[in-house]
Each structure stands twice: as structure tokens, then as C-alpha cells.
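Right, one structure below, let's go through it.
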Amino acid sequence: MTTKLTPQSEDFSKWYNEIVYRADLAAQSPVRGCIIFKPYGYEIWENIRAFLDRRFKETGHQNAYFPLFIPESYLKREAEHVEGFSPELAVVTVAGGQVLEEPLVVRPTSETVIGEAFSQWIQSYRDLPLLINQWANVVRWELRTRPFLRTAEFLWQEGHTAHATHDDAEAETLQMLDIYAELAIDGAALPVIKGQKSNIERFAGALRTYTIEAMMRDTKALQSGTSHNLGQNFAKAFDIKYLSRNNELEYCWTTSWGLSTRMIGAIIMAHGDDMGLRLPPRLAPIQVVAIPVYRDEGEHSQVMPVIDRLTRELRAAGVRVHVDNREETPGFKFNDWEMRGVPVRLEVGPKDVANGKAVLARRDMGKEGKQFVAQEGVVAAVRDLLDAVHANLLAQATAFRDANIHTVTSYDQMKQVIETGGWARGYWAGSDEDERRVKEETGATLRCLPLESAQERGTCFYTGQQGGRIALFGKAY
RNA sequence: CGGGGUGUAGCACAGCUGGCAGCGCGCCAAGUUUGGGACUUGGAGGUCAUCGGUUCAAAUCCGGUCACCCCGACCA
């Protein structure tokens, strides 16, 4: 018998590490801080990718691909940018058996190469907006890594756009943030909060950074996607200029936005329970696992035609189905697929064959989630169940999040909230220095200034100043 | 980068007062099982991280090196 997972309540971090390997999402690699994405984990990424790629194209973006290597000098052109990334760069100094004249940096992000290309491509206001995305791997030599959440090499998409005006760039930045929120909420069943980052948490070289923040089941925050309005900083550093309608040479306004395989970590930690993963149906590699139940050859030959027919019908309806034909007991398979988080299980046994029925069980509920359905009704019932599972995961995560966000009006209250676990929500008008001090003293960072309460003003819980904006503080991954 | 820990079969580990390389899970075969983690019997599988030292003899003792993991500070 295989042993159970470490319960979340006992050691969340241990639970997470175990589930990543037990659910067959990833394997350890020979390289420090890097993981092997196993097929089951990679397919979640493929589904995230399909969702986003479709939305990017619908909003007028095109995919391109830029080189993995970036001349070291490029990084140095935007001062804040180098400073932000230099400690975590991997650099190639020898290639082809020779010491390179100029070292090549393995990209930590591609603003610089893409900025350089944009400066060539853009001449006129007629070339704008330029809307490019790339699906790529990037490397950041982090000191401390965790599977999916922070790996030395990770997969992501990075969008890079150039616009004629600040307002166009700002609209693009917010549009892409909305698409990330769509993926999170409609795809991953993650109730994220859209917000703006503080000066301290802003992307190196950006004018403004927006984020979607999600709460994990240990109440820690996870930044799950970011969108930056880069202002004219990169345009100036890379000489991205266009000739306006008035025949004047102007700098472009650029944006960049990215979402990474970290999202997989968010899904694991926001929905998983002590039985294993609970995957959101729309991103799950397998939406329905079909398990035949039989005792001997005779029963097997009765049950399989029904399984085959139902899975064929489900596939025709666009449902991702897997039939588990392994020679294991049903009980073993139930537990195994619960570990892997498959949203719906279909069982067909001899009794069901006799009654014209099938069993459907949903992963998001306990043993109560089991029901008998007429075989003719399986496709419709599965469709409903997949939607119901999505809705329930979202509702549970939302309820959990809201129960763990506490309004604070004083620093003492805020410290109390952070200490007991959860996010503190209160008016904030502090300086960068104040924010650093709060971080030092409490371990919590300013996660974001939520967009939905951007207009509200009140007395800062820390400085007592008027005119504070609503801010969320919490410990983060 | 600081602190802690671990390297022994695919995985998780025991063996560490030197003396034939082990257990559990997994894997292979046969049989009995199968509606919530089956059982029996028989098998396969090892550069004990690495380099050096002590010894008749080293997984075990001594020294060096490397790697990985965990906890913090830095970060998507």
C-alpha cells in the first residue's frame, strides 16, 4: 500500500513537494533548481498556452521568436533593468572552444533584444501599435528554488508592444492584465485580485506594473501574472522612435507582460487537498477518467463495450477522456486518479451494464460526489459536472480567500493579521521607506493596490496620513 | 549568500562500536483477487556521491571535494 500525502495542515511545504512528484507533474533534474516537466504537468501548461494564445490572437497580437542569447551590453542600456537582473544572470563566456569577445547572457527576459528589433521595425505612426508575443524559456539563477513556483529555468510567454501614446500603452497593459485574470478565473478557477504594484515591487525599468495576486491554501500570496507599462524608458534606451502624423520624431510607449509555468504552482496550491491535486476542469489534461470494474473475463467483455461507447461519445463532445486499463484494483485506481486531480471519474461495472447506468464521481467533493446516471445521459451529465466542478473550485477558493483577508486600521492590527496568517487590507499612504520597514518588521510585502478600489481614500493605517489608497499586504512566495 | 540536513537498488530508508549489501514500496512471472489503496510464491535490480588516507579487511573510521534538499534574506 502506498502511503498517504503529508496533510497540508501538518506541513504545507512538504505537502507541496510531495504532490508535485506523486501526481507525476515533474521530476527532479540533474541541474540545480531546474525541473523536468513530465507529460502530465506539461500538458497543463499546453492548455494554459492554448487558452492564452487564442486570446492574444483575438486581440491582434502575433507570435515571434527571438534568440535565447543576448549580448551582455544590451542589458546595460537600461540602468534600472540591469541592476534588477544582474545578480541572477547566467552568462556564456566560452563557445566553440573560444573565449567570446562579448559574453552572451542567457535571457532572463527579452525587453532588450526585442527593443533593439523594434527600433529597426518601427519608422512611422502607421507601424503602430506593434503587438508581439513570444513563447519561450528564460533563465534566472535564483538562490532558492521550488518546483514550478521558482525554477532556474522556466517557461513563459512574454508580450512586447509599442504604441504611439501613453494612453494606448496603458490601455494595452490593462487589457493584457484582464486576459490574465480571465485565464485565472475562467480557466484555472483562481479568484485573483487585479492590482497595481508599489514602487518597490515594480518591474525593473517600468513606469507601472500591474499584477494578478492569488491566495494559496496556506494564505500566502502568489503573483501569478504581471503586465508592465514601460513608459518611454526602454524606447529611449533602445531608440524606438516613430515619425508622427505631424512629421515629428517621437519615442514610442512600450509595454511588456508575462505569465509563466508558475501558474501551475498556483493551481496546485490553491485547489489541492490532502487527497492530492484538484485540477480545474478547463485546464486539466484529463477531464474524465473511465474505470472499468469487473471480476473476470466474462464481466470484462460486458463492461468494455459500454466504456468504449461512452468514451467515444464523450470525445465526440470534445471532452478529454482517458480509459484506465491497468491491471489494478478499482480502489487503487480511484486513489491514484484522485492524487492526479482528475475532475470527473466514470465507472462502469457489471451492475451498471445490467441497469443501463454508469457511475459519475466528482473530485471536488468527498464520497458524496458519487451519482448513478443513465448511460444515455452521460455526456450531458459530464458537461454539467465539469462546469459544476469549475464553479465549486472557484467558489471554495473565493470563500477561503475572503475569509482570510482582514481589514486593518492600525499597524498593530496589521501585524496581528500577518502573524496569524492572512492578508491585511487597509489604507496606505506610506513612503518607499515605510514600505521597506513594514516588510522588514512583519515579513509581509505590499502585494498590490487593488484596481477595484482605486478610487477609495482613507486614513493610512501606518502613517495616519489622509488620502491613503486601499492596499493588500501579505506574505508571499 | 547565511543556517541546517542528506548522499546506499526506480522511490523512501536501515546498516555506521570495521568482517558475505539489507528492509518496505515499486518492477517482472505465475496463481488467487478486483464496486475505495488485494494476497501468496518465485525472481530481476548495487561504482554504498567522489577523491585520498588508516587497516589483513572500509558503506562503516579520518581528511578533502562535489552535488542535491530544507529553512531564511533576494526574486515571476
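In what follows, every chain begins at residue 1, and chains take the letters A, B, ... in the order their sequences are listed.
- Residues A:Asp336 and A:Ala476 both approach RNA chain B. Their nearest nucleotides, taken by heavy-atom distance, put A:Asp336 toward the 5′ side.
- Spacing between atom CD of A:Glu18 and atom C1' of B:C70 amounts to 13 Å, rounded to whole angstrom units.
- Between B:G19 and B:U60, the two P atoms lie 10 Å apart (nearest whole Å).
- Counting any heavy atom pair closer than 4.0 Å across all strands shown, A:Leu149 reaches a base atom.
- With both pairing distances under 3.5 Å, B:C48 is matched to nothing as a Watson-Crick or G-U wobble pair.
- Put simply, CD on A:Glu440 is 13 Å from C1' on B:C74, counting in whole angstrom units.
- Distance A:Glu327 CD to B:G37 P: 19 Å, rounded to the nearest Å.
- With hydrogens and angles left out, the side-chain atoms of A:Asp218 and A:Tyr477 include a donor and acceptor closer than 3.5 Å.
- Of all nucleotides present, only B:A29 satisfies the Watson-Crick or G-U wobble test against B:U41, with each distance under 3.5 Å.
- For B:G35, the base has a donor-acceptor partner in the side chain of A:Asp352 [N/O atoms by modelled type, under 3.5 angstrom].
- No hydrogens or angles considered: a donor-acceptor pair under 3.5 Å links the side chains of A:Thr255 and A:Thr161.
- The two atoms that bring A:Pro343 and A:Ile286 nearest to each other are CD-O, 3.3 Å, heavy atoms only.
- Of the nucleotides present, none pairs with B:C23 by Watson-Crick or G-U wobble criteria with both distances under 3.5 Å.
- For B:C68, the paired base is B:G5 (Watson-Crick or G-U wobble, both distances below 3.5 Å).
- B:C1 atom P lies 15 Å from atom CD of A:Glu142, rounded to whole Å.
- When the P atom is compared between B:A9 and B:G18, the two are found 24 Å apart, to the nearest whole Å.
- Residues A:Trp45 and A:Phe148 are not in side-chain contact: their nearest non-hydrogen atoms beyond the backbone lie 4.5 Å or more apart.
- Within the structure, every side-chain polar atom (N or O) of A:Lys14 is placed at least 4.0 Å from both OP1 and OP2 of B:C69.
- With A:Ser13 as the partner, the side chain to side chain donor-acceptor pair (under 3.5 Å) test is satisfied by one option alone out of A:Arg146, A:Glu18, A:Gln8: A:Arg146.
- Between A:Arg340 atom CZ and B:G37 atom C1' there is a gap of 14 Å when expressed in whole angstrom units.
- Heavy atoms of A:Val359 sit under 4.0 angstrom from at least one base atom.
- Across all strands shown, B:U34 remains unpaired; no Watson-Crick or G-U wobble contact has both distances below 3.5 Å.
- Put simply, CD1 on A:Ile291 is 11 Å from P on B:G36, counting in whole angstrom units.
- Taking 3.5 Å as the limit, the base of B:G37 and the side chain of A:Glu328 contain no donor-acceptor pair of atoms between them.
- Distance check on atom C1': B:G35 versus B:A30 gives 26 Å, rounded to whole Å.
- The cationic group of A:Arg140 lies under 6.0 Å from the six-membered ring centre of A:Trp156 and within 45° of the ring axis, placing it in a cation-pi geometry.
- With P as the reference atom, B:C16 and B:U6 are 15 Å apart, rounded to whole Å.
- The gap from the P atom of B:U33 to that of B:G15 amounts to 41 Å, rounded to the nearest Å.
- Partner assigned to B:U54 is none, using Watson-Crick or G-U wobble distances below 3.5 angstrom.
- In this structure, A:Glu297 places its CD atom 14 Å from P of B:U34, rounding to the nearest Å.
- Within 4.0 Å (heavy atoms only), A:Tyr21 reaches no atom of the nucleic acid at all.
- Considering only side-chain N and O atoms, A:Thr329 lies nowhere under 4.0 angstrom from the phosphate OP1 or OP2 of B:G37.
- Between A:Arg447 and A:Thr445, the side chains place a donor N or O and an acceptor N or O closer than 3.5 Å (distance only, hydrogens not considered).
- Using a 4.0 Å heavy-atom cutoff across all strands shown, A:Gln223 reaches sugar-phosphate atoms only and no base atom.
- Contact annotation: A:Ser13 reaches the phosphate of B:C71 (side-chain N/O to OP1 or OP2, under 4.0 Å).
- Residue contacts for A:Gly349: at a heavy-atom cut-off of 4.0 Å it reaches a base atom on one of the strands shown.
- Here B:A14 sits opposite no nucleotide as a Watson-Crick or G-U wobble pair (both hydrogen-bonding atom distances under 3.5 Å).
- A gap of 37 Å separates the C1' atoms of B:C1 and B:G46, to the nearest Å.
- Considering only side-chain N and O atoms, A:Asn17 lies nowhere under 4.0 angstrom from the phosphate OP1 or OP2 of B:C69.
- Among the protein residues, A:Lys197 comes within range of no part of the nucleic acid, since none of its heavy atoms lies under 4.0 Å from any strand.
- Side-chain contact annotation: A:Glu433 with A:Ser431, donor-acceptor N/O pair under 3.5 Å absent.
- A distance of about 15 Å separates the P atoms of B:U17 and B:G7, rounded to the whole Å.
- On a pure distance criterion of 3.5 Å, no polar donor-acceptor pair joins the side chain of A:Arg144 and the base of B:G2.
- Nearest to the side-chain atoms of A:Glu338 among the listed nucleotides B:C74, B:G35, B:G36 stands B:G36.
- Side-chain contact annotation: A:Ser256 with A:His160, donor-acceptor N/O pair under 3.5 Å absent.
- When each of B:G37, B:G35, B:C71 is scored by its nearest atom to the side-chain atoms of A:Asn335, the top-ranked nucleotide is B:G37.
- With a 3.5 Å ceiling on both atom-pair distances, B:U60 lacks any Watson-Crick or G-U wobble partner.
- Using atom P as the reference point in both B:C20 and B:G63, the two lie 25 Å apart (nearest Å).
- In this structure, A:Asp296 places its CG atom 9 Å from P of B:U33, rounding to the nearest Å.
- Mapping A:Arg345 and A:Thr151 onto RNA chain B via the closest heavy atom, the residue that lands nearer the 5' end is A:Arg345.
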